[in-house]
Amino acid sequence: MVATGASAADIARAVTAANAAKMVKSQYDAVTNLPLVAAFVAFAVAQSLKVLTTWYKEKRWDLKRLYGSGGMPSSHSSTVMGLACAIGLREGPASPLFAIALVLASIVMYDASGVRLQAGRQAEVLNQIVFELPPEHPLADTRPLREFLGHTPPQVAAGALLGSLIAYILHLISLVLSAS
């Protein structure tokens, strides 16, 4: 028993109120976590821009580009650079967190324009080979492989620039909001 004379019910109410306050604060922290928000916004904007770039290039609307991989700009690059830049802006460029985020972003972008791009090109060739098979061949009915897997270097650069820009804009907004 507590020396102040508080009953068990009073203590339980206080503990429950404290837990509720912690839950609300943790939900608020997730919404105001600038690196996390920057990464998600950068991803959403990049995926949305793919629909517009497909329309501009091919003169057709393709809503599958909202959730598909490949294309302009790279949402992988946009997401990881949005995250890395937001961490750098919040923690500083000498921060170990920024170093980790930047190294991981570099690996993701290298992979997007290297291994995944080559896998997409190989899928293109394999799909063409299967398409040319005679109908009686056992592989003639094989479902085509996905060809939009990787990104060209300009697509990766555009995604990285987009993610960095979004992180910077969100950082400026957070500074304005915290000043008021």
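Computed from a predicted model, the values in this text were never measured in an experiment. All values below come from the heavy atoms of this structure, side chains included, with hydrogens, waters and symmetry mates left out.
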Flag, side chain of Gln155 to backbone of Thr152, donor-acceptor distance under 3.5 Å: yes
Distance-minimising heavy-atom pair for Gly159 and Pro73: N-CB, 3.8 Å
Spacing of Leu83 atom CG and Phe40 atom CZ [to the nearest 0.5 Å]: 10.0 Å
Nearest-0.5 Å distance, OG of residue Ser48 to CZ of residue Phe43: 9.0 Å
Closest approach of Thr79 to Ser75 (non-hydrogen atoms, all atoms of both residues): OG1-O, 2.7 Å
Minimum heavy-atom distance Val156-Ser77, with the two atoms named: CG1-OG, 3.3 Å
Shortest non-hydrogen contact from Pro35 toward Asn33: CD-OD1, 3.0 Å
Nearest heavy atoms of Ala42 and Leu162, plus distance in Å: O-CD2, 4.5 Å
Distance in Å, Leu97 CG paired with Arg90 CZ, rounded so as to fall on 0.5 Å steps: 11.5 Å
Connected via hydrophobic side-chain network under 4.5 Å: Val176 and Leu34: no
Min side-chain heavy-atom separation Cys85-Ser164 under 4.5 Å: yes
Ser78 side chain to Ser74 backbone, donor-acceptor under 3.5 Å: no
Distance (rounded to the nearest 0.5 Å) between Leu161 CG and Met81 CE: 9.0 Å
Contacts of type side-chain contact (heavy atoms from CB on, under 4.5 Å), residue Tyr168, not counting sequence neighbours: Leu89, Leu172
Smallest separation among heavy atoms of His171 and Ser174, with atom names: O-OG, 2.7 Å
ILVMFWY cluster, Ile87 and Leu104 together (side-chain gap under 4.5 Å): no
